[in-house]
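Have a look at the structure below, then the notes.
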Amino acid sequence: MKEGKVEEVLIKQRREKMKKLLEKGVKLYPNDFKPTHTVGDVKSQFGDKGEEELASLNKNFCLAGRIVALRRFGRAAFIHFQDATGKLQAYFKQDVLGKERYEIFKLLDIGDIIGLCGELFCTKTGELTLLVKDFKLLTKSLRPLPEKYHGLKDIELRYRQRYLDLIVNPESRERFLKRTKIIQFVRQFLIDRDFLEVETPMMQVIPGGALARPFDTYHHALGIKLFLRIAPELYLKRLLVGGFDRVFEINRNFRNEGIDLDHNPEFTMLEFYQAYATYEDLMDLTEKLFSELARTVLGTTKVTYQGQEIDFSPPFKKLDFRKSLIEVGGLSEQMLVNAQATVDYAKKLGAKLRPGEGVGKALAKLFEKLVEPRLIQPTFVVGYPVEVSPLARRNDRNPDITDRFELFIAGKEVANGFSELNDPDDQRRRFLQQMEMRKGGDEEAHLIDEDYITALEYGMPPAAGEGIGIDRLVMIFTDAPSIRDVILFPHLRPEKDSEAKQE
RNA sequence: GGGCCGUUGGCUCAACUGGUAGAGCAACGGACUCUUAAUCCGUAGGUUGCAGGUUCGAGUCCUGCACGGCCCA
């Protein structure tokens, strides 16, 4: 971070205060203060109590938090301090504290973390306030916080110094609290349905389970190249082979791709697998999950996302993949029956199709461009081409498509699920097709995983599985325009200064 | 990777067609014992992202670079 001269002066001033505090025998970073209450406790218990009621309490409260506002006048002052649960006002008076303690109080700054003990009362204006009888500096802050009224607006600083964003922008803090609530709800929803939470490798020898470019790394002791996982799918399905009939994992995936409003190189994914279920069962389950999630976390099934109302009450719309290209994408029937015409049109719209790549890939590209952004209300799209679904079960009536769905909300792909392919011979053929594409230059084509095929040869029960992009889900539920708004520390290019420091 | 836009005290923002870089908050000094964007008086704080160029003169125009945002690939 660049450090201007002015900032250095501000820091120096605070260091001077530290010196004075030390001279008065004040410890700067003690760790022996135990709060008896949080701001949330106090507010929920006494927030609506009247003056007399508070006065008759005659009880001592100890709280701790960061000073975020300071209004001094002579020998008294009001501050606001905040802890993890909220903000509370406190009143410092020389009468109460004595001259010596009040002199120490005067050396405190906005940003300092303090412990406060005292009684609750109600101010003239009706605000619940702690009358401070004793206080203790817990951590001295050396740097000035961003402005109290406007907060921190600079988007780059908000990402790079998220802790500042969290201190001064309540809506950011709320958003991340909501993220946690969402994940907790999803986890409990699955646990309640007898799903077993498991952890599978983040580092894999063969990165599989999705069509994406991986990050690679090296394990020195083993002397092998490893890849950060792009999906946990193939490991979770090995667990189905092992007899865990319902499993799930909520964890990070890593994909070596560009960054935009909907993509971060590491993102959080839920994947779950259920033996003896079909993709249709999972669509039902997904509707239930999303609508209950909305009701629990937001208190309503109608959500406003970027100005558009989204209704999570079931049932969700279902749309056939091919039909969606005509009805939503505006393509003609004639074009879709003519493979060459389809491919040509996809190319015309800017899709890069390599020589080996067929009509399935072209359709997927057309869908991505013409249909996906228009699916605002929760919509299941079903009937994806086999070519782009190498791990999904083939449809019994139409062998060109799979028993697969994707769920779109607000123009974003939020979930992807299918009946699992458990025929080891078909799986091998699919892998081989993918290898052909890879030879044709498709770096995202799936690699052959012989060990996984071996597992299938032992027999995997018929099953269905699904992945849900947690970050996008949180975006929609918190009205966040960018995935970076729902990831605490999104990836940015390092600043030049810090790069120099590393060397 | 390409296009467009942005970068001004710690923070939030001003500065017309090129003509002495300003304000609020925060800070510092002072007054003030129920304030809440406290108030009042005073003070200080800037290599306008970086490097070049044009010009008598550049925050402003031009070129390159860095970082960020949006759009496209």
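All chains are named by letter (A, B, ...) in the order of the sequence lines, taking the proteins before the strands, and each is independently numbered beginning at 1.
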(request) Could you measure between the two P atoms, the one in rC65(B) and the one in rC28(B), and give it in whole Å? (result) 43 Å
(request) Just call it for Tyr102(A): base, sugar-phosphate, or nothing, with non-hydrogen atoms closer than 4.0 Å on any strand. (result) nothing
(message) Let's see if you get this right: which residues in residues 45-64 of chain A place a heavy atom under 4.0 Å from RNA chain B?
(response) none
(request) Kindly say if Lys17(A) contacts the phosphate of rC28(B), meaning a side-chain N or O under 4.0 Å from OP1 or OP2. (result) yes
(request) By nearest nucleotide on RNA chain B, pick out whichever of Pro146(A) and Lys124(A) is the more 5' one. (result) Pro146(A)
(request) Using the C1' atom on both, measure rA73(B) against rG6(B) and round to a whole Å. (result) 22 Å
(message) Judged by each residue's nearest nucleotide on RNA chain B, which is more toward the 5′ side, Ile79(A) or Ala69(A)?
(response) Ile79(A)
(message) With a 3.5 Å limit on both atom pairs, tell me what rG42(B) is paired to, counting Watson-Crick and G-U wobble, or say none.
(response) rC28(B)
(request) Using whole Å, report how far CG of Leu10(A) lies from P of rA26(B). (result) 13 Å
(request) Could you verify whether a donor N or O on one side chain and an acceptor N or O on the other, from Arg71(A) and Gln89(A), lie under 3.5 Å apart? (result) yes
(request) Give one of base, sugar-phosphate or nothing for Leu145(A), where a contact means two heavy atoms less than 4.0 Å apart. (result) nothing
(request) State whether a side-chain donor-acceptor pair under 3.5 Å links Gln306(A) with Asp479(A). (result) yes
(request) Classify the nucleic acid contact of Arg160(A) as base, sugar-phosphate or nothing, counting any heavy atom under 4.0 Å across all strands shown. (result) sugar-phosphate
(message) For a quick check of understanding: with a heavy-atom distance under 4.0 Å over all strands, which category does Leu492(A) fall into, base, sugar-phosphate or nothing?
(response) sugar-phosphate
(request) Indicate, with yes or no, if the rings of Phe477(A) and Phe312(A) have centres closer together than 6.0 Å. (result) yes
(message) Between Arg143(A) and rG10(B), is there a contact of a side-chain N or O with OP1 or OP2 at under 4.0 Å?
(response) no
(message) Is it true that Tyr163(A) and Gln161(A) share a donor-acceptor pair across their side chains at a distance under 3.5 Å?
(response) yes
(message) Any strand counts, and the cut-off is 3.5 Å on both contacts for Watson-Crick or G-U wobble. Which nucleotide pairs with rG1(B)?
(response) rC72(B)
(request) Looking at every strand, decide which applies to Lys369(A) at a 4.0 Å heavy-atom threshold: base, sugar-phosphate, or nothing. (result) sugar-phosphate
(message) Please report the distance separating the C1' of rG49(B) from the corresponding atom of rC16(B), rounded so that it comes out in whole Å.
(response) 25 Å
(request) Quote, to the nearest angstrom, the C1' distance that separates rU12(B) from rC50(B). (result) 24 Å
(message) Looking only at side-chain N and O atoms, does Arg179(A) offer a donor or acceptor that is under 3.5 Å from a partner on Thr268(A)?
(response) yes
(message) Is Arg71(A) close enough to rU35(B) that one of its side-chain N or O atoms is under 4.0 Å from OP1 or OP2 there?
(response) no
(request) With P as the reference atom in both, quote the distance from rC5(B) to rC61(B) in angstrom, rounded to an integer. (result) 11 Å
(request) Could you please name the option among rG68(B), rU35(B), rU12(B) that lies closest to any side-chain atom of Thr123(A)? (result) rU35(B)
(message) Between Asp344(A) and Gln340(A), do the side chains contain a donor N or O and an acceptor N or O under 3.5 Å apart?
(response) yes
(request) Between rU7(B) and rA14(B), how far apart are the P atoms? Round to whole Å, please. (result) 9 Å
(message) Between rC4(B) and rU20(B), how far apart are the two P atoms, rounded to whole Å?
(response) 31 Å
(request) Round to a whole Å and report the spacing from CG of Leu70(A) to P of rC11(B). (result) 20 Å
(message) Please confirm whether the shortest side-chain N or O distance from Arg493(A) to OP1 or OP2 of rG68(B) is below 4.0 Å.
(response) yes
(request) Give a yes or no on whether a salt bridge exists between Lys361(A) and Asp442(A), defined as a side-chain N under 4.0 angstrom from a carboxylate O. (result) yes
(message) For a quick check, tell me whether the side chain of Gln89(A) and the base of rU35(B) share a donor-acceptor pair closer than 3.5 Å.
(response) yes
(request) Could you tell me whether the phosphate oxygens of rU7(B), OP1 or OP2, come under 4.0 Å of any side-chain nitrogen or oxygen in Lys153(A)? (result) no
(request) With heavy atoms under 4.0 Å as the rule, sort Arg14(A) into base, sugar-phosphate or nothing. (result) nothing
(message) Can you tell me if Phe73(A) is stacked onto the base of rC32(B), using a 5.5 Å centroid cut-off and an angle below 30°?
(response) no
(message) If only side-chain N and O atoms count, and only distance matters, is there a donor-acceptor pair under 3.5 Å linking Thr38(A) with Asp83(A)?
(response) no
(request) State, with a plain yes or no, whether a side-chain heavy atom of Pro207(A) is found less than 4.5 Å away from one of Phe254(A). (result) no
(request) Would you mind classifying the nucleic acid contact of Gly258(A) as base, sugar-phosphate or nothing, using non-hydrogen atoms under 4.0 angstrom? (result) nothing
(message) Could you check whether atom NZ of Lys133(A) has more than 12 heavy atoms from other residues, nucleotides or ligands sitting under 6.0 Å from it?
(response) no
(request) Scan Asp154(A) against the nucleic acid and name what it touches under 4.0 Å (heavy atoms): base, sugar-phosphate only, or nothing. (result) sugar-phosphate
(request) Find the partner of rU7(B): check Watson-Crick (N1-N3 plus N6-O4 or O6-N4) and G-U wobble (N1-O2, O6-N3) distances, both under 3.5 Å, and reply none if neither fits. (result) rA66(B)
(request) Provide, to the nearest angstrom, the distance between the CD atom belonging to Glu147(A) and the P atom belonging to rA23(B). (result) 16 Å
(message) Could you tell me how far apart Phe78(A) (CZ) and rA37(B) (P) are, to the nearest whole angstrom?
(response) 13 Å
